[in-house]
Amino acid sequence: MKYNELHKKLKKAGCYLTGREIAGHPEWYSPITGKYFPTSHHGSQEIAPGTLRNIKRDAGI
């Protein structure tokens, strides 16, 4: 999965950008889990499997 696709899924699940950055990466908030988590600006780059699993877990999707 690419970061562009992930960002679409996050928005569809109700997650949103907070406007802050964590070490240069955009911070997202999930109202489902109540967690904040970073993703990346690399839109067309593939996401590493472990990174994708952690982001999905934090987002509740």
What distance separates [X] [atom1] from [Y] [atom2], expressed to the nearest 0.5 Å?
X	Y	atom1	atom2	answer
M1	T51	CE	OG1	13.0 Å
K56	L6	NZ	CG	8.0 Å
N4	Q45	CG	CD	11.0 Å
C15	I61	SG	CD1	6.5 Å
D58	K35	CG	NZ	4.5 Å

Problem - Enclosure of R57 CZ (heavy-atom neighbours >12, cutoff 6.0 Å) - result: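 Counting neighbours around CZ of R57, more than 12 heavy atoms of other residues, nucleotides or ligands fall under 6.0 Å, so yes.
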Practice task
Decide yes or no for Y3 and L52: does some side-chain heavy atom of the first lie under 4.5 Å from some side-chain heavy atom of the second?
Solution key: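 Side chain of Y3 against side chain of L52, heavy atoms only: no contact under 4.5 Å found.
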Exercise for the section: Indicate the atoms forming the closest heavy-atom contact of I32 with A13, along with that distance. Expected result: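 In this case the closest contact between I32 and A13 is CD1-O, 3.6 Å.
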Problem - side-chain hydrogen bond (donor to acceptor under 3.5 Å, both in side chains) partners for K2, two or more places apart - result: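 side-chain hydrogen bond (donor to acceptor under 3.5 Å, both in side chains) check on K2 returns E46.
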Handout entry: Under 3.5 Å donor-acceptor, T18 side chain and E27 backbone
Key =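 Present.
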Problem - Cluster overlap I55 with I22, hydrophobic side-chain contacts below 4.5 Å - result: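 Different hydrophobic clusters.
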Exercise for the section: Indicate, with yes or no, if I47 and L17 share a hydrophobic cluster defined by side-chain heavy-atom contacts under 4.5 Å among Ile, Leu, Val, Met, Phe, Trp and Tyr. Expected result: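 Per the 4.5 Å side-chain linkage, L17 and I47 are co-clustered.
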Practice task
I would like to know whether T39 and H7 meet side-chain hydrogen bond (donor to acceptor under 3.5 Å, both in side chains); could you show each step before the answer?
Solution key: CA-CA 9 Å; T39 62; H7 292 164; 3.1 Å; yes
Exercise for the section: Determine the sole option in Y29, Y16, W28 for which the ring pair (Phe, Tyr, Trp, His ring centres under 6.0 Å) test with Y36 is passed. Expected result: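 Testing Y36 for a ring pair (Phe, Tyr, Trp, His ring centres under 6.0 Å) against Y29, Y16, W28 leaves exactly one candidate, Y29.
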